[in-house]
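Read through the structure below, which is laid out as structure tokens, and then see the notes.
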Amino acid sequence: MPSASPTAGSATPRIPGSWSVAYWVAAVLIYAALGTQLPQAVFLGFWQSLPYVLVFHWLRPKVLGALARGRGAAA
Amino acid sequence: MSWAAHDLEPYLMRAKLGGAVSLPFLLIGSYSPDILTKWAVYGLDFSGNNKLVDDPVQLHRGFPGVGFTHSLFFGIVVGLLILWLSGSRMWAFSFILGNWAHVLSDTLDSVGVMLLWPLTDWHLHFDAWQYVGQAGRRVDAIAYYTSLGGVWDILWAVWLLWNWRILTTDYFRNEIYPKDHFWHWLGRRASETVMLTVYRASAFFGIASIIGWFVWALLVNEYQAALDWSLGGPQWTPRVGPP
């Protein structure tokens, strides 16, 4: 199976699991907020969410990685 | 009809039944009764003013019509077709379970389903909330999410969130991927990111749409209905029974 896990020695700091949970809660709330304004654009079927979920997956290591590096630099 | 419950039920079945079932085929089965007909039931636009058929209830849940997709028989026939084409008992069984979950969920509205078709076109309906599909998607959304239908969706969402670990990457890698050849097939063609997207999308959509529809139905749209959790509600909608 292809793996998205950081390899040993990777520059990406370890991302706490609670951050991932918070990230996905925020992603759900963003999508829900979009739906309250444009329900016909995002709430007609799960297929409409596929590109958004793909982008949220793509962004997750970038956003959380940047936050983790920021915290590491501040410490 | 049920809304996000159809998106969430398959995840809980997978959580409870483990490797005996395939999540993608549970989802396909869950979507199958409405997948080709919702656009015709609701009409071509969100408002419900662009109707395609004179009697959406007859089309959706009756016979003549495509109400047979909401029968136990339909799930078995398509399940056997999947078994014949793929040779996978797991995929066939999963499709049947997903389809039956949808069918049984839809017995809770006022129209119900032809559960035992083709033996009889009798409709099993428990009238927990009104069927409002004939009024278009906009009005149906308001009616459903202000009635016990919305509570039904919340129950599934809470149950899924209680089992949130089934949506983690570790669970997918260790429990989902190794036990279903569908993911091996997809993994040869796509990255893990794409597989996780496919795995999680319906749960993501289900949870987000419940939150969003509730807010929209209660606060945003111009007809701001109040919650009506009475049996057979909401009471402002026209009464609709089996065709």
Side-chain angles (χ1 to χ4, degrees), chain A residues 1-69 71, chain B residues 3-4 6-8 27 30-31 34-35 38-39 42 45-47 137-138 141 157 161 164-165 167-170 172-174 176-178 183-184 186-188 190-221:
Chain A
M1 178 175 63
S3 173
S5 301
T7 53
S10 163
T12 306
R14 178 166 175 76
I15 296 169
S18 59
W19 288 24
S20 285
V21 173
Y23 176 86
W24 282 109
V25 169
V28 164
L29 292 177
I30 289 169
Y31 192 83
L34 186 59
T36 63
Q37 301 307 308
L38 293 166
Q40 64 273 38
V42 295
F43 279 174
L44 302 191
F46 96 99
W47 44 271
Q48 288 180 307
S49 73
L50 283 168
Y52 293 90
V53 178
L54 185 61
V55 168
F56 283 128
H57 273 106
W58 179 74
L59 283 174
R60 192 192 73 91
K62 301 182 193 320
V63 171
L64 297 185
L67 286 173
R69 280 192 295 275
R71 191 175 76 161
Chain B
W3 284 49
H6 298 320
D7 299 299
L8 304 179
L27 285 166
S30 183
Y31 292 134
D34 288 341
I35 203 163
K38 263 300 176 58
W39 58 275
Y42 283 135
D45 63 8
F46 184 58
S47 71
R137 193 182 292 268
R138 178 182 160 279
L161 293 175
W164 64 275
R165 290 185 190 282
L167 297 173
T168 62
T169 302
D170 282 347
F172 176 79
R173 287 175 180 163
N174 299 322
I176 298 292
Y177 181 91
W183 299 109
H184 303 168
L186 184 60
R188 287 193 292 272
S191 68
E192 187 185 49
T193 299
V194 171
M195 286 196 287
L196 285 168
T197 298
V198 172
Y199 177 64
R200 292 170 172 155
S202 191
F204 179 94
F205 175 81
I207 301 287
S209 67
I210 290 171
I211 297 168
W213 277 128
F214 261 107
V215 173
W216 181 85
L218 292 170
L219 302 173
V220 178
N221 81 93

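In what follows, every chain begins at residue 1, and chains take the letters A, B, ... in the order their sequences are listed. Since the model is a prediction, treat every value here as computed from it, not as a measurement.
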Side chain to side chain contact (heavy atoms under 4.5 Å, CB included) partners for A:V28, two or more places apart: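 With neighbours one apart ignored, the set is B:F204, B:I207, B:A208, B:I211.
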Relative to chain A, which segment of B:W164 carries a heavy atom at a distance below 4.5 Å: side chain, backbone, both, or neither?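 Contact with chain A involves the side chain of B:W164 alone.
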Based on non-hydrogen pairs under 4.5 Å, which of A:A27, A:A32, A:G17 is most in contact with chain B?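 The answer is A:A32.
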Mutual orientation of the aromatic rings belonging to A:F43 and A:Y31 [parallel < 30°, tilted 30-60°, perpendicular > 60°]: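 The rings of A:F43 and A:Y31 sit tilted, inter-plane angle from 30° to 60°.
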Donor-acceptor pairs under 3.5 angstrom involving side-chain atoms of residues 50-59 of chain A: please list them, not counting sequence neighbours.
| unit_1 | atom_1 | unit_2 | atom_2 | d |
| --- | --- | --- | --- | --- |
| A:H57 | ND1 | A:V53 | O | 3.0 |
| A:H57 | ND1 | B:T197 | OG1 | 3.2 |
| A:H57 | NE2 | B:R200 | NH1 | 2.6 |

Proximity breakdown for [X] and chain B, heavy-atom pairs closer than 4.5 Å:
X	value
A:V21	side chain
A:L29	side chain
A:A33	neither

Do the non-hydrogen side-chain atoms of B:Y31 and B:D7 ever get within less than 4.5 Å of each other?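 When only atoms from C-beta onward are counted, B:D7 and B:Y31 do touch, with a gap below 4.5 Å.
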With a 4.5 Å limit on heavy-atom distance, are the side chains of B:R137 and A:Q40 in contact?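 Result no, sub-4.5 Å side-chain heavy-atom pair not found.
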Most chain A-contacting option - heavy-atom pairs closer than 4.5 Å, from B:F205, B:W3, B:F46, B:W213: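 If we count pairs closer than 4.5 Å to chain A, B:F205 comes out on top.
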